[in-house]
Structure formats: C-alpha cells, structure tokens
Asker: 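Okay, handing you the structure first.
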Amino acid sequence: MGRGGGSLDTVAMRVRRVLLTRAMDLRIVRKAMGMGDITCTCRGPGDAFIQHLFMLAFNSHRNGTPLPAACLQFLHPQALSDCIEDLCEPFLGEAIDIVTGIDAMGFILGAAAAAYLRKGFLAVRKSGHLCVNTSSEPYTDYTGKQKSLEVRTDVVKKGTRLLIVDQWIETGGTMQAAIRLMEKLGGIVIGVAAICIEESDGGKTIIQKYKTSSCIPKSLQPKFNEHCLASFHNTLDNTLLPMKANV
Ligand SMILES: O=P(O)(O)OC[C@H]1O[C@H](OP(=O)(O)OP(=O)(O)O)[C@H](O)[C@@H]1O
Ligand SMILES: Nc1ncnc2[nH]cnc12
C-alpha cells in the first residue's frame, strides 16, 4: 500500500503513534487519518459515542461493500469509554449476573462492559476452541455461511441474568444464536448491546423482544440500515450531529 493508502494497519499505526505521543485530541486523530479537521460543539446526555462515529473505518472485504470496523475507536481511550458508557448506561439499574461477549470483536466490548458494570465476563466462542463440556448452537450470519457458537455448560444456570454484547448486529443471526444458547441453558437475557443494531428482520425481532442499547443516534440509523456508509463522513453536519466537520 502506497503513501496515503487506506490500509487499516497503516492508518491504525499512524493513529496510534499520534495518540501515544501527543494530546488526546479528536482533531489530531482525524488529521492523522487524513480525514480533515473536526470540531465538536456540544454533547448531549446519552450521546457519548456520537463524536467518535467518524472513526468507523471502512474496509471492503465483503465484495466491495463497506464494512465498518470499530478498531480505531478501540485505540482511542475516550472513544472506547464513551462507547462502553452508551452500551451500559441503560442497564445500570438492572440486576445482571454475567456479561457475555460474542467471538471475536464482542470479546473486546463485552469484557469492557463487564468491567464497567463490575460483573464477570463469559466468552461465547465460534465452535472448535473450547476444551471443556460445551453447548452449541448453529446459525447463519450476513455472509450466508453456516456457523456455530459454543459456550461452556457450567456457568449459565436456570435464572442466570445475562447481558449479551457484540460489536454489530446485521441480520441478527449471530445474536439470535447466542440468545438461544443462553436460554437453552436456563439463562434470562436481560439485555442485548451492540455498537449498531441494524433494523433488519432479525435486528427488529431482537429490538422488539429484548431491551437493547447501541451507539447509533436515531437520525443516523437509516444510513446504517441501508449500508450507505461510504458517504458517512459527509453526513457529519449540524443537521444530524452536534458537531461540525471542516473537510
Ligand atoms: O447479525 P449477523 O448477520 O449475524 O452479523 C453480525 C456478526 O458479524 C460480525 O462478526 P464477524 O463474524 O464478522 O466476526 P468478528 O467478530 O470476528 O469480526 C459482528 O461482529 C457480529 O458478530
Ligand atoms: N462490523 C460490521 N459492520 C457492518 N456490518 C456488519 N455485519 C456484520 N459485522 C459488521
């Protein structure tokens, strides 16, 4: 990849170098990513993560369809903690025994959410990794491939109250499999949290049946549902977000 190219590794390394050596300022991060300057003018309650959405990086590993990845937010200490705040805040008053995260990106958010809520963390893995007794659940996700999730059988008991965390819900196949797995073991799903819950049939079913949290403001949800994400940073204006982009 040449200079100024879009390799995620290259961008992430640039951002990381900047973050480590200079003040933690969003304008600096955006410049380091070659995305111009940005000024955050205000921030409302429950909107912690909005100011970091521009850091969703696009990669084209799905036949050219942009798939946003939250890796850059995870590199930024304020973005990560704002993300976790948005995901956990709605559940602060709920009695939760364990936070569960789905392999692989859900491990990062799930473990951070567990620490935020001062709970333990249970990993739900893609099949084939655990060397203890497991229960498994087949599913199909946005790739159309048949997959299977797996969890150890000795943690979730009848009545265990769970918050399930993943990075993203697109068709809902993965999250619905995790829910089935937990409920099969007797668990009670108190809530479902993901950076984005697309309003697909599966996503809507989850939203209707369970208490959910996400980081996407209502006004931007249609863009995420329609995967109009390549143009996403052009939408960062005063009509949609409490910030002004000088790009
Ligand atoms: O709603 P669905 O259509 O089921 O898709 C959502 C799942 O896909 C993504 O993970 P992916 O399997 O790509 O892997 P990763 O977490 O390892 O990046 C995402 O983080 C969810 O787990
Ligand atoms: N990280 C992600 N971003 C967008 N769509 C997805 N579908 C599954 N994972 C996704």
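Everything numeric in this text was worked out from a predicted model, so none of it was measured. Just follow the structure's listing: the first ligand is 1, and inside any ligand the first atom is 1.
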Asker: Is there a polar contact, in the sense of an N or O pair closer than 3.5 Å, between I169 and ligand 1?
Answerer: no
Asker: Do D141 and K147 sit within salt-bridge range, that is, some charged N less than 4.0 Å from a carboxylate O?
Answerer: yes
Asker: Please state whether I102 comes within less than 4.0 angstrom of ligand 1, counting heavy atoms only.
Answerer: no
Asker: Under 4.0 angstrom from ligand 1, any heavy atom of K126?
Answerer: yes
Asker: Going by the angle between their ring planes, with limits at 30° and 60°, are F121 and F107 parallel, tilted or perpendicular?
Answerer: perpendicular
Asker: For R125, is there an ion pair with D103 - N to carboxylate O distance below 4.0 angstrom?
Answerer: yes
Asker: Is there a donor-acceptor contact under 3.5 Å from the side chain of R152 to the main chain of V132?
Answerer: no
Asker: Which ligand 1 atoms are under 4.0 Å away from a heavy-atom of Q167?
Answerer: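 Listed by number with element, the hits are 20 (O).
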Asker: T171 heavy atoms, cut-off 4.0 Å: which ligand 1 atoms fall inside?
Answerer: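 Once the distances to T171 are compared, the set is 1 (O), 2 (P), 3 (O), 4 (O).
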Asker: Using only atom types and a distance under 3.5 Å, with no angle test, would you say the side chain of R180 pairs donor to acceptor with the backbone of P138?
Answerer: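 Answer holds: yes.
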Asker: Heavy atoms only: which of Q167, E170, E198 lies closest to atom 7 (N) of ligand 2?
Answerer: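 Minimum heavy-atom distance to atom 7 (N) of ligand 2 goes to E170.
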Asker: Between E198 and Y142, do the side chains contain an N or O donor and an N or O acceptor separated by less than 3.5 Å?
Answerer: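 No, no side-chain donor-acceptor contact under 3.5 Å.
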Asker: Nearest non-hydrogen contact with atom 15 (P) of ligand 1 belongs to which option: G172, A104, G144, G101?
Answerer: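 Going through G172, A104, G144, G101 one by one, A104 has the nearest heavy atom to atom 15 (P) of ligand 1.
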Asker: Pick whichever of Y139, Y142, F107 has a heavy atom sitting closest to atom 9 (C) of ligand 1.
Answerer: Y142
Asker: Should the pair K126-E150 be classified as a salt bridge under the 4.0 Å nitrogen-to-oxygen rule?
Answerer: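 E150 and K126: not salt-bridged.
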Asker: Below a 4.0 angstrom heavy-atom separation, can you tell me which part of T174, side chain or backbone, both or neither, approaches ligand 1?
Answerer: both
Asker: Just to be sure I read this right, does ligand 2 sit under 4.0 Å from the backbone of M105, its side chain, both, or neither, counting only heavy atoms?
Answerer: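 Under 4.0 Å from ligand 2, M105 contributes no heavy atoms.
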Asker: Distance under 4.0 Å to a non-hydrogen atom of G173: what atoms of ligand 1 satisfy this?
Answerer: 1 (O), 4 (O)
Asker: Within a radius of less than 6.0 Å around NZ of K184, do more than 12 heavy atoms belonging to other residues, nucleotides or ligands occur?
Answerer: yes
Asker: Please determine if T140 has a nitrogen or oxygen closer than 3.5 Å to a nitrogen or oxygen of ligand 1.
Answerer: no
Asker: Does atom CG of N133 have more than 12 heavy-atom neighbours from other groups under 6.0 Å away?
Answerer: no
Asker: Please list, in number order, the atoms of ligand 1 under 4.0 Å from a heavy atom of M105.
Answerer: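 So the atoms of ligand 1 that pass are 16 (O), 18 (O).
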